[in-house]
Amino acid sequence: MSRTAMYKSPNLPFGLPWRQPANPLVEVATQVPSQPEIVPPEDTETLETMARVLEVTGNYKILRRLVPRSVEPRPTAGRIGLIIDLETTGLDTTRNEVMEIAAIKFGYADDRITSIIGTFQGFQQPSAPIDPAITALTGITDAMVEGHHIDSASLEQFVSDTHIIIAHNAGFDRKVAERHWPFFANCHWACSATGIDWKAHGLSGARLAYLLSEYGLFHDAHRALDDCRAVLEILALDLPGTELSGLAALLDRARRPQHRVWADGAPFALKDTLKQRGYRWNDGTDGRPKAWYVDVDAVDAELDYLRKEIYRRDDLDIAWRTITSLDRFSTRI
């Protein structure tokens, strides 16, 4: 007999379909209601209201997409800054090539960003195919850069009237930029990653995506212009718990000179002591001393420390030099 058949009930004048009893476990499983389709509202005001409702519960933290600021007319007063980011074929500043450059020019007064003057973006085809690992990191493919070349004259004109250039890894970007375009050597530079004491303001790191998230924002990372916009935003906002903008803190650091002290010939047995004090090793391949070095604000105190604790000679002449924003992060120090 088939699973469905007709039978005659003696009490009913018509036939009723008969079905074999179903497995109750299967029946229960098939009766689980499906999740309703969630269609978010289209208007921004409603979405923002929903986000705030979640935030006030204390159980949710909402990240909002960073919306690029619009370009405004050139400011009539104040100074001009530039945020720059480079995407390269690798991390070797002495030989890897630029694939993309982006920059945002902004006006500032009283150490606060007042306007966005313009943007610059360009691709450049390197001399060899892009490594797949670099493509995975940057999103830049050979097809995107094929036939492209960055116009040096246009870039120089865009940079020429700026008072400060900012990069989120200036120790890398400046060296590469100067090697490709020598006019960058005549500019003042600052680093938004190391030039602000983020930890002192309750933040545990200087990664760009992390800093944005602390301010409740996110962006499309690892494209040069997007990263420039992200740096701009964290510099425009006040540091947590203060009325001091990120830009103000960065410019304060950039304006103060430092002193690079070389512990040339320091005893090998004391290398860990130097590392714990913040010294870094230079292998000598860049033409600078093959030695430990550190950048400090108080040079006399550091020289005194080296003579007493490292060399144990009070009459020793120790090499050091003053660093300003004109040469900080460059290969010339």
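Starting from 1, each residue takes its place in the sequence as its number. Worth saying up front: this structure is predicted, and the values here are computed from it rather than measured.
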Could you go through Asp226 and Leu208, starting from their C-alpha distance and side-chain angles, then the distance that decides it, and tell me whether this counts as side-chain contact (heavy atoms from CB on, under 4.5 Å)?
CA-CA 11 Å; Asp226 291 324; Leu208 193 52; over 6 Å; no

Before you tell me yes or no, could you show the steps for Glu87 and Arg223 under salt bridge (Lys or Arg N to Asp or Glu O under 4.0 Å), namely the whole-Å CA-CA distance, both residues' side-chain angles and the distance that decides it to 0.1 Å?
CA-CA 8 Å; Glu87 300 293 351; Arg223 289 306 307 276; over 6 Å; no

From CA spacing to verdict: side-chain contact (heavy atoms from CB on, under 4.5 Å), Ser204, Lys199:
CA-CA 5 Å; Ser204 62; Lys199 289 186 177 181; 5.7 Å; no

Apply side-chain contact (heavy atoms from CB on, under 4.5 Å) to Leu66 and Leu212, showing your working.
CA-CA 9 Å; Leu66 191 157; Leu212 278 178; 3.8 Å; yes

Apply salt bridge (Lys or Arg N to Asp or Glu O under 4.0 Å) to residues Arg253 and Asp197 and explain how you reach the verdict.
CA-CA 10 Å; Arg253 169 69 278 179; Asp197 191 348; over 6 Å; no

What do the steps show when you test Arg288 against Asp286 for salt bridge (Lys or Arg N to Asp or Glu O under 4.0 Å), and what is the final call?
CA-CA 6 Å; Arg288 297 180 296 170; Asp286 55 7; 2.6 Å; yes

Would you check, one step at a time, whether the test side chain to side chain donor-acceptor pair (under 3.5 Å) holds for Thr88 with Glu97?
CA-CA 5 Å; Thr88 62; Glu97 302 174 61; over 6 Å; no

May I have the step-by-step check of side-chain contact (heavy atoms from CB on, under 4.5 Å) for Ile140 and Glu100, ending in yes or no?
CA-CA 9 Å; Ile140 299 176; Glu100 182 184 20; 3.4 Å; yes

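Atom-to-atom distance recorded for Leu250:CG and Arg255:CZ is 9.5 Å, nearest 0.5 angstrom. To the nearest 0.5 Å, atoms CD1 (Ile333) and OG1 (Thr322) are separated by 11.0 Å. Rounding to the nearest 0.5 Å gives a distance of 10.5 Å between NZ of Lys175 and CZ of Arg332. In this structure, Ile150 CD1 and Gln121 CD are separated by 8.5 Å, a value rounded to the nearest 0.5 Å. In this structure, the separation between CG on Asp295 and CD on Gln258 is 5.0 Å, given to the nearest 0.5 Å. Going from atom CD1 of Ile80 over to atom OG1 of Thr162 covers 7.5 Å, rounded to the nearest 0.5 Å.
Side-chain contact check for Ile310 versus Pro267: some heavy-atom pair is nearer than 4.5 Å. Using a 4.5 Å cut-off on side-chain heavy atoms (C-beta onward), Trp320 and Arg260 make no contact. Residues Phe172 and Asn96 form no side-chain contact, since every pair of their non-hydrogen atoms from C-beta on lies 4.5 Å or further apart. With contacts defined as side-chain heavy-atom distances shorter than 4.5 Å, the pair Val159/Leu82 qualifies. Counting heavy atoms from C-beta outward, Pro126 and Val145 have side chains that approach closer than 4.5 Å.
Ring geometry for His163 against Tyr108 counts as perpendicular: the plane angle is over 60°, on a 0 to 90° scale with 30° as the lower cut. Using cut-offs of 30° and 60° on the angle between ring planes, the pair Phe158 and Phe120 is tilted.
Under the 4.5 Å side-chain heavy-atom criterion for ILVMFWY residues, a single connected hydrophobic cluster contains both Ile196 and Leu203. Under the 4.5 Å side-chain heavy-atom criterion for Ile, Leu, Val, Met, Phe, Trp and Tyr, Ile83 and Ile165 are members of distinct hydrophobic clusters. Neither Phe218 nor Leu232 shares a network with the other; the hydrophobic side chains, linked directly or stepwise wherever heavy atoms of I, L, V, M, F, W or Y lie under 4.5 Å apart, form separate groups for each. Taken together through direct or relayed side-chain contacts under 4.5 Å among Ile, Leu, Val, Met, Phe, Trp and Tyr, Ile84 and Leu225 form parts of separate hydrophobic clusters. Under the 4.5 Å side-chain contact rule for hydrophobic residues, Tyr215 and Tyr210 share a cluster.
Between Arg174 and Glu178 there is a salt bridge, since at least one side-chain N of the basic residue sits less than 4.0 Å from a carboxylate O of the acidic one. A salt bridge links Asp92 with Arg95: the closest approach of a Lys/Arg side-chain nitrogen to an acidic carboxylate oxygen falls below 4.0 angstrom. Ion pairing between Asp110 and Arg112 fails under the 4.0 Å rule for side-chain N and carboxylate O.
The main-chain N or O of Leu316 is found under 3.5 Å from a side-chain atom of Arg307 such that the two form a donor-acceptor pair. For the pair Asp85 (side chain) and Cys228 (backbone), a donor-acceptor distance under 3.5 Å is absent. Here the side chain of Gln124 pairs no donor or acceptor atom with the backbone of Met99 at under 3.5 angstrom. Distance alone, capped at 3.5 Å, is enough to place a donor-acceptor pair between the Lys61 side chain and the Ser213 backbone. Thr114 places no side-chain N or O within 3.5 Å of a backbone atom of Gly78 that could act as its donor or acceptor partner. A distance-only check finds no donor-acceptor pair linking the side chain of Asp173 to the backbone of Ala167 [under 3.5 Å].
More than 12 non-hydrogen atoms from other residues, nucleotides or ligands lie less than 6.0 angstrom from CZ of Arg256. Within 6.0 Å of atom CG in Asp283, more than 12 heavy atoms from other residues, nucleotides or ligands are found, so the atom counts as buried in its surroundings. Within a 6.0 Å radius of CD in Glu55, other residues, nucleotides and ligands contribute more than 12 heavy atoms.
A pairwise comparison of heavy atoms in Ala249 and Leu244 identifies CB-CD2, 4.0 Å as the closest pair. A pairwise comparison of heavy atoms in Tyr279 and Val261 identifies CE2-O, 4.1 Å as the closest pair. Smallest separation of non-hydrogen atoms from Val231 and His168: CG2-CB, 3.9 Å. Residues Leu211 and Ile234 approach most closely at CD1-CD1, 3.8 Å, considering heavy atoms. Between Ala190 and Ala254, the shortest heavy-atom distance links the atoms CB-CB, 4.0 Å. Closest heavy-atom contact between Thr324 and Pro257: CG2-CB, 4.4 Å.
For residues 264-277, the pairs satisfying side-chain hydrogen bond (donor to acceptor under 3.5 Å, both in side chains) are Arg277-Glu302, with sequence neighbours left out.
In this structure, Trp189 has its ring center no closer than 6.0 Å to that of Phe329.
The side-chain contact (heavy atoms from CB on, under 4.5 Å) search around Ser152 returns Trp181, not counting sequence neighbours. Scored by the side-chain hydrogen bond (donor to acceptor under 3.5 Å, both in side chains) test, Arg321 finds Asp327 as partners (sequence neighbours excluded).
Relative to the ring axis of Phe106, Arg69 does not place its NZ or CZ within 45° and under 6.0 Å from the centre.
Side chains of Asp227 and His219: a donor-acceptor N/O pair is present below 3.5 angstrom, by distance only.
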